[in-house]
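Encoded as structure tokens, here's the structure I'll be asking about.
Since we're looking at a predicted model, the values are computed, not measured. Proteins come first, then strands; the chains are lettered A, B, ... in the order of their sequence lines, and each starts at number 1.
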Amino acid sequence: MTLCVKIVINRISFQHFHKVLIKTNTQWFTKAERELQAARPFGYGPRKFYESSRLIKAAVDSKDKKDAAAVPEPVQEKPEDQEAQKKLKRIYIAMTSDRGLCGGVHSGVARRIRREMTARNAEGTTHKLVCVGDKARALLRRAYSTSMLVTVKDIGRIAPVFADASLMATAIAESGFTYDVGEIYYNKYFTAVKYEMSIVPFFSKIRIESAPNMTAFDDVDDDQLECYAEWTLAALLYYALKQGAASEQSARMAAMDNATKNASEMIRKLTLLFNRTRQAVITRELIEIISGAAALK
Amino acid sequence: MSAWRQAGLTYINYSNIAAKVLRRSLKQEFRAEALKRDESHVRVTPWANGRPARKLFFETTFNTYLKRF
């Protein structure tokens with residue numbers, strides 16, 4: 001019976017702890033959502049440019065759910081480009097964080113990257129991986145350590161700033177790997193109960209230069225394209241960081257909520273068991289006393 | 001080629017230095033809040049041959065230019 005008491009007390013204090021956690025998480029979540037609003041243009045700007053320069057196919061509003069999370073591929077003008085497509089040097093960036101207890105947020109990203117790398121027969125020399133956050137590193141290290149280019153730590157403890165994205169973009173540029181295209185795998189935040197794994201591409205300066213519709217833009221010189229290519233990577237990383245932070249906080253709140261509900265349920269059941277056991281013991285003692293007294297008569 | 005690129009800065013460095021100067025020029029009541037965004041707290045580790053390599057290089061190039069201002 002004493003074990004029962006200890007378990008009940010443990011669960012009650014755990015539930016209280018959870019309630020405190022939920023309150024803190026809610027504050028972080030509202031802050032993350034607010035900062036995401038300001039960060040949205042960093043994602044929309046590059047996307048509009050990609051579509052108008054026809055670097056990627058414009059998104060068509062299709063009823064087909066399968067297209068929803070399709071990887072945006074560079075536009076292929078000629079059939080021989082299919083072969084060239086396979087020989088592109090790619091970077092995969094997994095946008096996660098260091099902290100857990102947030103549902104399937106990190107594993108979803110890792111799973112998708114694994115799927116894409118397997119589908120494209122990724123090898124260490126032409127396909128490189130950047131892990132933002134310890135969770136991605138832990139999930140992808142074993143299988144893809146030869147492809148690992150850069151890992152980033154200390155994400156998720158405080159809100160991300162543009163300086164973080166700048167540092168990461170500089171690290172990728174200075175790693176010496178000349179890529180053609182890259183993809184950032186992140187969780188896109190929709191509402192407090194909905195997030196979705198999404199992919200945003202980025203291109204090297206040479207690919208941007210040779211975009212199909214580049215002639216539509218006038219007076220663009222080499223230096224500007226270089227600046228644009230450098231800056232777009234930092235901007236998209238910042239966008240993905242903010243989206244990821246908001247998605248993660250919302251998923252964490254949902255997970256905490258479920259854990260509290262489960263704890264409440266468990267406390268209720270254990271309390272019932274505790275009371276029933278206590279009453280049974282009292283009844284048994286009473287019976288013993290009464291039968292003892294009756295035997296003496 | 002721009003003067004700053006000839007000096008070895010990338011556009012990201014250039015943009016961050018300009019942002020830093022702008023934050024420093026804000027009025028007192030907005031300054032403290034903005035200065036928090038000046039610093040990056042992430043740690044970047046390059047990998048080579050499937051293992052983490054020495055990480056000194058990137059932090060110095062990015063932060064060197066930034067700290068001069």
Side-chain angles (χ1 to χ4, degrees), chain A residues 35 38 97-98 124 128-134 137 140-177 205 221-235 237-238 241, chain B:
Chain A
E35 293 185 352
S97 86
D98 287 359
K128 291 288 187 186
L129 181 59
V130 173
C131 286
V132 179
D134 260 347
R137 188 177 61 97
L140 296 168
R141 190 170 57 95
R142 221 149 280 278
Y144 298 109
S145 60
T146 45
S147 308
M148 202 74 80
L149 189 68
V150 171
T151 56
V152 186
K153 269 177 75 153
D154 292 346
I155 308 275
R157 291 183 201 287
I158 47 176
V161 287
F162 195 81
D164 300 335
S166 308
L167 194 58
M168 295 194 277
T170 311
I172 293 173
E174 287 181 359
S175 68
F177 179 64
K205 171 176 163 261
D221 66 5
D222 208 47
D223 200 26
Q224 283 176 359
L225 279 180
E226 174 97 35
C227 296
Y228 182 75
E230 284 170 357
W231 191 85
T232 307
L233 179 55
L237 280 169
Y238 178 66
L241 272 171
Chain B
M1 218 196 242
S2 338
W4 46 267
R5 202 175 272 287
Q6 277 174 324
L9 293 176
T10 63
Y11 184 77
I12 295 176
N13 290 345
Y14 173 63
S15 158
N16 279 84
I17 291 169
K20 192 163 186 153
V21 170
L22 180 64
R23 285 183 198 122
R24 294 241 181 94
S25 66
L26 288 174
K27 282 190 185 166
Q28 209 50 41
E29 59 248 39
F30 303 109
R31 241 175 140 224
E33 180 72 39
L35 284 180
K36 280 187 220 151
R37 295 195 288 270
D38 252 352
E39 287 189 340
S40 166
H41 296 278
V42 300
R43 282 191 289 159
V44 176
T45 313
W47 280 46
N49 299 325
R51 311 186 60 226
R54 304 257 307 281
K55 70 165 169 145
L56 209 45
F57 190 48
F58 312 136
E59 292 186 4
T60 46
T61 43
F62 179 74
N63 288 322
T64 307
Y65 294 119
L66 209 57
K67 282 180 178 130
R68 292 236 178 95
F69 287 82

Legend entry - Separation between OG of B:Ser15 and CZ of A:Phe162, rounded to the nearest 0.5 Å: 5.5 Å
Inset, instruction - List in chain and number order the residues that pass side-chain contact (heavy atoms from CB on, under 4.5 Å) with A:Glu35, two or more places apart in sequence or in another chain; answer none if no residue qualifies. - result: A:Lys31, A:Ala159, A:Lys242
Inset, instruction - Taking the side chain as every heavy atom from C-beta outward, state whether B:His41 and A:Asp154 have any pair of such atoms under 4.5 Å apart. - result: no
Inset, instruction - With a 4.5 Å cut-off on heavy-atom pairs, point out which of A:Ile155, A:Thr146, A:Leu149 contacts chain B the most. - result: A:Leu149
Inset, instruction - Find the distance between CG (A:Asp134) and CZ (B:Arg43) and round it off to the nearest 0.5 Å. - result: 9.0 Å
Legend entry - Atom pair CG (B:Asn16) and OG (A:Ser166), whose distance is rounded to the nearest 0.5 Å: 3.5 Å
Legend entry - Interatomic distance, B:Trp47 atom CH2 to A:Thr151 atom OG1 [nearest 0.5 angstrom]: 6.0 Å
Legend entry - Side chain / backbone / both / neither for A:Arg141 at chain B, heavy atoms under 4.5 Å: side chain
Inset, instruction - Could you check which of A:Lys153, A:Met168, A:Arg157 has the highest count of heavy-atom pairs closer than 4.5 Å to chain B? - result: A:Lys153
Inset, instruction - Calculate, to the nearest 0.5 Å, the distance between atoms CZ and OG1 belonging to A:Arg137 and B:Thr45 respectively. - result: 8.0 Å
Inset, instruction - May I ask you to name which of A:Asp164, A:Val152, A:Val130, A:Ile172 has the most heavy-atom pairs under 4.5 Å with chain B? - result: A:Asp164
Legend entry - Test item: A:Val150 and B:Val44 side chains (from C-beta on) under 4.5 Å apart, heavy atoms: yes
Only pairs under 3.5 Å count here: list side-chain donor-acceptor contacts from residues 221-235 of chain A, not counting sequence neighbours, and write none if there are none.
from: A:Asp221; atom 1: OD1; to: A:Gln224; atom 2: N; distance (Å): 3.1
from: A:Asp222; atom 1: OD1; to: A:Lys205; atom 2: NZ; distance (Å): 3.1
from: A:Asp222; atom 1: OD2; to: A:Lys205; atom 2: NZ; distance (Å): 3.3
from: A:Asp223; atom 1: OD1; to: B:Arg5; atom 2: NE; distance (Å): 3.1
from: A:Asp223; atom 1: OD2; to: B:Ser2; atom 2: OG; distance (Å): 2.7
from: A:Glu230; atom 1: OE1; to: B:Arg5; atom 2: NH2; distance (Å): 3.2
from: A:Glu230; atom 1: OE1; to: B:Tyr11; atom 2: N; distance (Å): 2.8
from: A:Glu230; atom 1: OE2; to: B:Arg5; atom 2: NH1; distance (Å): 3.2
from: A:Thr232; atom 1: OG1; to: A:Tyr228; atom 2: O; distance (Å): 2.6

Inset, instruction - Report, as yes or no, whether the 6.0 Å neighbourhood of atom CD on B:Glu33 holds more than 12 heavy atoms from other residues, nucleotides or ligands. - result: no
